[in-house]
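What you see below is based on every heavy atom in this structure, not just the backbone, and it leaves out hydrogens, waters and symmetry mates.
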Amino acid sequence: MEKRDQKHLDPKYLDPRGRKVKILATVGPASRDPAMLRRLVWAGVDAFRVNMSHGEHATHAETIDEIRRLEADLNRPIAIFCDLQGPKLRVGKFKGGKAVIRHSGHFTLDRNPELGDETRVELPHPELFGLLEKGQRLLINDGKIQLTVIRADENEILCSATVGGVISDRKGVNVPDAEIPIPALTAKDRKDLAFAVEKGADWIGLSFVQRPEDLAEARKLMGSYGALCAKIEKPMAVRRLDEIIEMSDGIMVARGDLGVELLPEEVPPLQKEIVNKSRIAGKPVIVATQMLESMIESPAPTRAEVSDVANAVYDGADAVMLSAETAAGDWPEEAVAIMDRISAQVERDGAYLDRVRFLETPPDRTTADALAHSCMTIADTVKVAAITVFTGSGSTARRVARERPSVPMLVLTPSQRTARRVALLWGAHAVTTKDIGSFEEMIAKGKRMALRHRFGTAGSKLIALAGVPFGTPGSTNLLHVVTLAGDELEKHEG
């Protein structure tokens with residue numbers, strides 16, 4: 001233990017990850033202590049999720065500041081993902097705090113603010129009245145209670161309890177069969193988004209997206225800062241998935257509410273579809289929710305959970321996410337460590353790349369995409385240690401990552417924002433460095449950075465990808481293969 005603690009104090013030990021898939025961990029009471037945050041990064045965390053559904057801005061600000069201090073200490077970009085709560089539909093309150101809905105009995109949701117009982121309760125969401133139709137479902141308390149609409153008008157929704165049970169105050173309501181005419185951003189979300197932008201969040205997670213238009217307001221409020229991740233957790237979003245992917249910077253497969261509103265057997269193939277479509281579009285995709293759920297209380301996962309994480313890695317997801325496991329669980333560091341080990345083991349499988357590349361990701365008919373594709377084929381043909389990508393916005397790195405090359409990618413960028421954002425990108429290790437002005441400077445800097453960050457040794461070959469003229473966005477047009485002499489750092493320092 002003494003040796004490990006010493007290691008935690010010395011940033012030079014924090015080498016590039018041995019795996020390409022990234023780990024996103026949620027911060028909460030179990031993990032926001034500075035010492036624990038540091039331990040989680042050492043265990044394998046690449047990005048932290050700040051859940052805006054819980055906690056106060058002051059607490060979140062302290063967490064974000066601590067992550068930034070840790071980032072500077074370890075000299076490694078760490079992405080901060082601020083996850084907005086989104087609109088929550090909830091029932092009102094009951095006499096005594098709860099009631100029992102009789103199985104197969106009738107139950108009414110109405111606009112009467114009086115306390116509810118076993119026959120009725122207030123539904124304080126006027127937008128739902130007159131919208132629902134006979135036969136549509138209402139799911140309460142994560143689907144534990146299932147109601148089917150018999151009749152609906154402007155004041156009452158009469159239902160039959162397909163599955164009854166105990167219902168209590170303010171339980172959540174899901175409406176899987178209808179598109180709800182409410183915006184994805186509530187008043188709380190707008191305040192939370194302004195806070196996240198002010199604190200320099202790298203990613204914003206937009207909850208309960210139903211349509212591509214839901215992304216527009218968030219984009220406007222974000223301005224040019226941060227990347228927007230659409231969380232797919234509503235069946236309505238699946239119907240317009242291609243448009244939502246096109247309008248977002250990344251996608252999250254949020255299996256919590258998605259698993260409530262769909263049949264359980266529908267979720268796995270849908271997860272693969274979302275991952276595949278995001279990969280084809282070159283957008284980072286995160287698989288989230290209940291990945292190691294049992295580790296909230298247990299120091300070891302179930303075999304099924306291990307397989308779940310492994311399958312997401314085999315599918316080629318950019319990142320896998322931990323929620324309550326690190327936010328409120330008893331074993332946050334162990335949960336990260338086992339996720340790191342599962343991911344690394346999958347990537348060592350000789351069939352891993354074949355599985356990941358089973359999905360065809362044909363390059364667009366552009367020079368940049370053609371060169372990114374060439375990086376993959378060169379790395380498969382010639383033994384190279386890494387692909388060095390010079391980028392300002394990160395778009396070149398996303399193109400290369402889409403091809404899922406066999407070697408890691410060293411992303412060199414003058415933008416700290418870009419370096420942090422690509423912390424969620426498959427296979428990318430970002431380094432912030434001064435901009436380059438010539439071809440010779442590019443080659444020399446790429447070699448030095450590869451040696452400094454342990455992406456090669458004397459005799460190693462590197463692929464260099466950049467755009468000329470340097471500093472011009474979208475100009476990726478140059479690919480070069482170089483060999484390290486091994487003394488580039490000494491010569492530069494001398």
Side-chain angles (χ1 to χ4, degrees), residues 53 85-184 186 188 207-211 214 231-240 253-270 289-290 293:
S53 298
Q85 176 177 288
K88 294 284 189 181
L89 303 178
R90 299 184 185 277
V91 298
K93 295 185 177 182
F94 292 85
K95 299 172 184 176
K98 62 181 179 180
V100 178
I101 299 177
R102 183 169 53 86
H103 182 68
S104 298
H106 285 183
F107 189 79
T108 300
L109 300 158
D110 58 36
R111 302 177 70 170
N112 182 353
E114 295 181 7
L115 295 177
D117 55 28
E118 68 276 3
T119 64
R120 59 153 296 276
V121 73
E122 179 191 14
L123 182 62
H125 301 284
E127 60 272 7
L128 292 178
F129 293 88
L131 171 72
L132 298 179
E133 300 176 354
K134 181 179 179 180
Q136 291 184 326
R137 295 169 295 156
L138 290 165
L139 308 176
I140 301 175
N141 192 16
D142 291 336
K144 294 180 177 67
I145 293 175
Q146 300 179 18
L147 308 178
T148 302
V149 176
I150 297 174
R151 182 182 68 251
D153 58 31
E154 296 295 330
N155 296 302
E156 292 185 344
I157 302 171
L158 175 64
C159 303
S160 171
T162 309
V163 178
V166 177
I167 183 172
S168 55
D169 293 348
R170 304 289 296 157
K171 286 301 180 185
V173 179
N174 292 84
V175 187
D177 303 325
E179 183 175 311
I180 311 301
I182 54 177
T186 65
K188 169 179 165 52
S207 298
F208 296 103
V209 173
Q210 296 186 92
R211 55 190 86 79
D214 288 337
K231 297 171 62 181
I232 307 300
E233 48 195 337
K234 301 285 290 182
M236 293 298 144
V238 177
R239 299 180 185 180
R240 303 185 68 179
V253 189
R255 303 180 302 181
D257 279 83
L258 200 58
V260 171
E261 300 201 6
L262 293 173
L263 295 172
E265 64 271 21
E266 293 179 312
V267 177
L270 182 56
T289 317
Q290 296 180 333
E293 184 83 354

Residue K93 excluded, over 12 heavy atoms near NZ under 6.0 Å
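Atom NZ in K93 is not packed in, count stays at 12 or less.
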Does CD belonging to E266 count more than 12 external heavy atoms closer than 6.0 Å?
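Result for CD/E266: enclosed.
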Tell me if a side-chain donor or acceptor on [X] pairs with a main-chain N or O of [Y] at a distance below 3.5 Å.
{"X": "D169", "Y": "F94", "value": "yes"}
{"X": "Q210", "Y": "E179", "value": "no"}
{"X": "H103", "Y": "T162", "value": "yes"}
{"X": "R120", "Y": "L115", "value": "yes"}
{"X": "N174", "Y": "P176", "value": "no"}
{"X": "H125", "Y": "R90", "value": "yes"}

Using the rule given for side chain to side chain contact (heavy atoms under 4.5 Å, CB included), can you reason through I232 versus V253, listing the C-alpha separation, both sets of side-chain angles and the distance that settles it, and then say yes or no?
CA-CA 5 Å; I232 307 300; V253 189; 5.9 Å; no
Apply side chain to side chain contact (heavy atoms under 4.5 Å, CB included) to residues F208 and K231 and explain how you reach the verdict.
CA-CA 7 Å; F208 296 103; K231 297 171 62 181; over 6 Å; no
As an exercise, state the distance from [atom1] of [X] to [atom2] of [Y], rounded to the nearest 0.5 Å.
{"X": "I150", "Y": "L132", "atom1": "CD1", "atom2": "CG", "value": "13.0 Å"}
{"X": "I145", "Y": "F107", "atom1": "CD1", "atom2": "CZ", "value": "7.5 Å"}
{"X": "E118", "Y": "R102", "atom1": "CD", "atom2": "CZ", "value": "10.0 Å"}
{"X": "L139", "Y": "N141", "atom1": "CG", "atom2": "CG", "value": "11.0 Å"}
{"X": "H106", "Y": "S160", "atom1": "NE2", "atom2": "OG", "value": "5.5 Å"}
{"X": "E261", "Y": "M236", "atom1": "CD", "atom2": "CE", "value": "8.5 Å"}

Do [X] and [Y] come close enough that some side-chain heavy atom pair is under 4.5 Å?
{"X": "E127", "Y": "L89", "value": "yes"}
{"X": "L109", "Y": "V121", "value": "yes"}
{"X": "I157", "Y": "L138", "value": "yes"}

How close do [X] and [Y] get, heavy atom to heavy atom, and via which atoms?
{"X": "L131", "Y": "P181", "result": "CD2-CD, 3.6 Å"}
{"X": "R211", "Y": "I180", "result": "NH2-O, 3.0 Å"}
{"X": "V166", "Y": "K98", "result": "CG1-CD, 4.2 Å"}
{"X": "E154", "Y": "R111", "result": "O-NH1, 3.1 Å"}
{"X": "D117", "Y": "K95", "result": "OD2-NZ, 4.3 Å"}
{"X": "L262", "Y": "P235", "result": "CD2-CG, 3.9 Å"}

Audit row: L123, F129, side chain to side chain contact (heavy atoms under 4.5 Å, CB included) steps and yes/no
CA-CA 9 Å; L123 182 62; F129 293 88; 4.0 Å; yes
Before giving the answer on side chain to side chain contact (heavy atoms under 4.5 Å, CB included), spell out for R137 and Q146 the whole-Å C-alpha distance, their side-chain angles and the decisive distance to 0.1 Å.
CA-CA 7 Å; R137 295 169 295 156; Q146 300 179 18; 5.8 Å; no
